[in-house]
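Here is the structure we will look at.
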Amino acid sequence: MPRLSEVIAALDALWPAERAESWDAVGTVVGEPDQEVTRVLFAVDPVQEIVDEAVKLGADLLVTHHPLYLRGTTTVAASTFKGRVVHTLIKNDIALHVAHTNADTADPGVSDALAGALDLNVVRPLVPDPGDPEGRRGLGRVCELTHPLTVRELAARAAERLPATAQGIRVAGDPEATVRTVAVSGGSGDSLFDHVRAAGVDAFLTADLRHHPVSEARAHSPLALLDAAHWATEWPWCELGAAQLDEISDRHGWDLRVHVSKTVTDPWTAHVASAPTSSAMGAPN
């Protein structure tokens with residue numbers, strides 16, 4: 001049975017903390033280095049619902065993509081929702097480890113998992129890591145389709161392959177346009193439009209796209225945009241990370257039981273489509 005320090009060393013080898021952005025908060029948040037680890041749960045968000053699932057599962061370690069505390073705090077009182085997470089973890093001897101932007105740019109990383117879920121062939125990073133001489137690490141991925149699809153068909157594939165959320169997939173652009181190349185970036189991606197245009201792809205699939213950046217991107221080029229839920233674009237990494245830890249466990253004879261949470265922690269809970277209209281009057285006053 002490995003100790004937490006041994007498992008964390010393996011996770012740090014996959015996602016070194018020094019490769020995280022300077023503003024990020026990654027690494028071990030809670031945990032006794034000498035405690036034994038037999039069961040691990042991967043999830044996107046370190047929220048109470050996930051922590052309760054870890055308790056019920058009997059997990060010794062929770063690995064999440066999103067940090068618990070991204071900025072400083074002056075309290076972990078259980079009267080606060082993040083403090084309650086910390087108290088629950090400690091009371092139940094569950095460690096918490098975070099891999100965020102260091103997992104985004106890893107090889108393989110968050111966007112590789114997203115591309116894999118959509119059956120896309122990864123060609124190269126969208127924003128290469130200058131510290132990687134092999135040119136494999138970096139933010140986002142430029143991908144090719146095995147067979148061309150329309151924008152509508154690609155959106156339908158994303159809706160089918162990614163976890164279901166209230167948002168589904170929003171599309172900007174001609175639904176019948178042909179797509180042969182796609183850029184993908186798990187999580188918020190509208191800061192990457194310059195890189196996407198430079199890549200010359202037909203479509204860009206990411207999350208959290210905002211009105212003005214999308215409007216400007218569409219004015220620049222016929223690039224099709226597919227906007228999925230933030231949580232849904234990052235959840236495939238949980239399966240990738242779990243598989244990587246499983247392989248390490250097998251190699252070391254640790255016999256870890258590694259699980260992936262299927263609990264939907266996307267904050268949006270419902271979606272009501274606008275009623276179709278043929279009115280020429282446009283939007284209401």
>> Show the nearest heavy-atom pair for residues Y69 and G83, with the distance to one decimal.
In response: OH-N, 3.5 Å
> Should E36 and D93 count as side-chain neighbours, where that means a heavy-atom distance under 4.5 Å?
Replying inline: no
> What's the verdict on side chain to side chain contact (heavy atoms under 4.5 Å, CB included) for D52 and Q48, showing C-alpha distance, side-chain angles and the deciding distance?
Replying inline: CA-CA 6 Å; D52 291 343; Q48 190 65 44; 2.9 Å; yes
> Do V63 and L57 share a hydrophobic cluster (ILVMFWY, side-chain heavy atoms under 4.5 Å, transitive)?
Replying inline: no
> More than 12 non-hydrogen atoms from neighbouring residues, nucleotides or ligands closer than 6.0 Å to CG on D34, yes or no?
Replying inline: yes
> If you look at every heavy atom in A99 and A103, which pair is closest and at what distance?
Replying inline: O-CB, 3.7 Å
> Checking side-chain hydrogen bond (donor to acceptor under 3.5 Å, both in side chains) for the pair T38/D60: CA distance, chi angles, key distance, verdict?
Replying inline: CA-CA 7 Å; T38 60; D60 309 293; 2.8 Å; yes
>> So which atom in A158 and which in L118 form the shortest heavy-atom distance, rounded to 0.1 Å?
In response: CA-CD2, 3.6 Å
> CZ/F81 to CG/L68 distance, rounded to the nearest 0.5 angstrom?
Replying inline: 8.0 Å
>> Tell me if a side-chain donor or acceptor on E6 pairs with a main-chain N or O of R3 at a distance below 3.5 Å.
In response: yes
> Between T80 and V76, does a side chain to side chain contact (heavy atoms under 4.5 Å, CB included) hold up when you go through it step by step?
Replying inline: CA-CA 7 Å; T80 65; V76 291; over 6 Å; no
>> Do V182 and I169 land in one hydrophobic cluster if side-chain heavy atoms of ILVMFWY residues count as linked below 4.5 Å?
In response: yes
>> Can you give me the closest heavy-atom contact between T75 and T73, atom names plus distance?
In response: O-OG1, 3.1 Å
>> If I take atom CD1 from residue I248 and atom CD from residue Q244, how far apart are they, to the nearest 0.5 angstrom?
In response: 7.0 Å
> Given S261, which of L62, I50, T64 fulfils the side chain to side chain contact (heavy atoms under 4.5 Å, CB included) condition?
Replying inline: I50
> With no hydrogens and no angle check, do the side chains of E49 and T265 hold a donor and an acceptor under 3.5 Å apart?
Replying inline: no
>> Does atom NE2 (H220) have a neighbourhood of more than 12 heavy atoms from anything else shown, all under 6.0 Å?
In response: no
> Does a salt bridge link R251 with E247, judged by any charged N lying under 4.0 Å from a carboxylate O?
Replying inline: yes
> How long is the span from the CG atom in D112 to the CG atom in L120, to the nearest 0.5 Å?
Replying inline: 11.0 Å
Could you list the donor-acceptor pairs under 3.5 angstrom formed between side-chain atoms of residues 200-209 and any protein atom two or more places apart in sequence or on another chain?
from, atom 1, to, atom 2, distance (Å)
D202, OD2, R180, N, 2.8
D202, OD2, T181, N, 3.1
D202, OD2, T181, OG1, 3.4
T206, OG1, S185, O, 2.8
T206, OG1, G187, O, 2.9
T206, OG1, G189, N, 3.3
D208, OD2, S188, OG, 2.5
D208, OD2, H230, ND1, 2.6

>> Would the distance check show the side chain of D104 and the main-chain N or O of V110 forming a donor-acceptor pair, the cut-off being under 3.5 Å?
In response: no
> Within the distance-only criterion (no hydrogens, no angle test), does the side chain of S215 pair as donor or acceptor with the backbone N or O of H211 below 3.5 angstrom?
Replying inline: no
> Going from CD on Q35 to CD1 on I94, what distance comes out if it is rounded to the nearest 0.5 angstrom?
Replying inline: 9.0 Å
>> If you apply the rule side-chain hydrogen bond (donor to acceptor under 3.5 Å, both in side chains), what do you find for T146 with N121, and how did you get there?
In response: CA-CA 7 Å; T146 304; N121 302 313; 3.2 Å; yes
> Is a donor on one side and an acceptor on the other found under 3.5 Å between the side chain of T105 and the backbone of R137?
Replying inline: no
>> Quick one: does any side-chain atom of H271 pair with a main-chain N or O of G168 as donor and acceptor, under 3.5 Å?
In response: no
> For the residue pair L223 and L225, what are the closest heavy atoms and their distance?
Replying inline: CD2-CD2, 3.6 Å
> So do H259 and F42 actually touch side chain to side chain, heavy atoms under 4.5 Å?
Replying inline: no
>> Under 4.5 Å side-chain heavy-atom separation, chaining through any Ile, Leu, Val, Met, Phe, Trp or Tyr, what else clusters with W23? Say none if it is isolated.
In response: L70
> With sequence neighbours left out, what residues match R197 under salt bridge (Lys or Arg N to Asp or Glu O under 4.0 Å)?
Replying inline: D194
>> Pair L61, L11 - check side chain to side chain contact (heavy atoms under 4.5 Å, CB included), show working.
In response: CA-CA 12 Å; L61 171 62; L11 298 181; 4.3 Å; yes
> So H97 and I8, side chain to side chain contact (heavy atoms under 4.5 Å, CB included) or not? Walk me through it.
Replying inline: CA-CA 8 Å; H97 187 81; I8 295 303; 3.4 Å; yes
>> Checking T150 against E176: is there a side-chain donor and acceptor pair closer than 3.5 Å?
In response: no
> Do the non-hydrogen side-chain atoms of V184 and C143 ever get within less than 4.5 Å of each other?
Replying inline: yes
> Are W254 and V7 side-chain neighbours, meaning at least one heavy-atom pair lies under 4.5 Å?
Replying inline: yes
> Do the side chain of N102 and the main chain of W15 share a donor and acceptor less than 3.5 angstrom apart?
Replying inline: yes
> Do other residues, nucleotides or ligands put more than 12 heavy atoms under 6.0 Å from E134 CD?
Replying inline: no
>> Applying the salt bridge (charged side-chain N to carboxylate O under 4.0 Å, His left out) criterion to D107, which one of R124, R141, R136 satisfies it?
In response: R136
> Do any N or O atoms from the side chain of D45 and from the backbone of V47 form a donor-acceptor pair under 3.5 angstrom?
Replying inline: no
> Is it the case that T101 and D24 place a side-chain donor and acceptor less than 3.5 Å from each other?
Replying inline: yes
> Is there a chain of hydrophobic side chains (I, L, V, M, F, W, Y, each step under 4.5 Å between heavy atoms) that links L14 to L4?
Replying inline: yes
>> Taking the side chain as everything from C-beta on, heavy atoms only, tell me whether N92 gets closer than 4.5 Å to T88.
In response: yes
> Is V123 reachable from L126 through a run of I, L, V, M, F, W or Y residues, each pair having side-chain heavy atoms under 4.5 Å apart?
Replying inline: no
> Are any non-hydrogen side-chain atoms of W231 and V264 less than 4.5 angstrom apart?
Replying inline: yes
>> Please find the pair of heavy atoms, one from P163 and one from W235, that lie closest to each other, and give the distance.
In response: CG-CE3, 3.5 Å
> Roughly how far, to the nearest 0.5 Å, is the CD atom of E239 from the CG atom of D246?
Replying inline: 11.5 Å
> To the nearest 0.5 Å, what is the distance between CZ (R218) and CZ (F193)?
Replying inline: 10.0 Å
> Do any N or O atoms from the side chain of D132 and from the backbone of P130 form a donor-acceptor pair under 3.5 angstrom?
Replying inline: no
> Just wondering, do D119 and R157 contact through their side chains at under 4.5 Å, heavy atoms?
Replying inline: yes
> Should L256 and L240 be regarded as members of a common hydrophobic cluster, given that ILVMFWY residues are connected when their side-chain heavy atoms come within less than 4.5 Å of each other, either directly or indirectly?
Replying inline: yes
> Taking atom types as modelled, is there a side-chain donor on E234 or H66 under 3.5 Å from an acceptor on the other?
Replying inline: yes
>> Quick one, D174 and V151 - any side-chain contact, counting heavy atoms below 4.5 Å?
In response: no
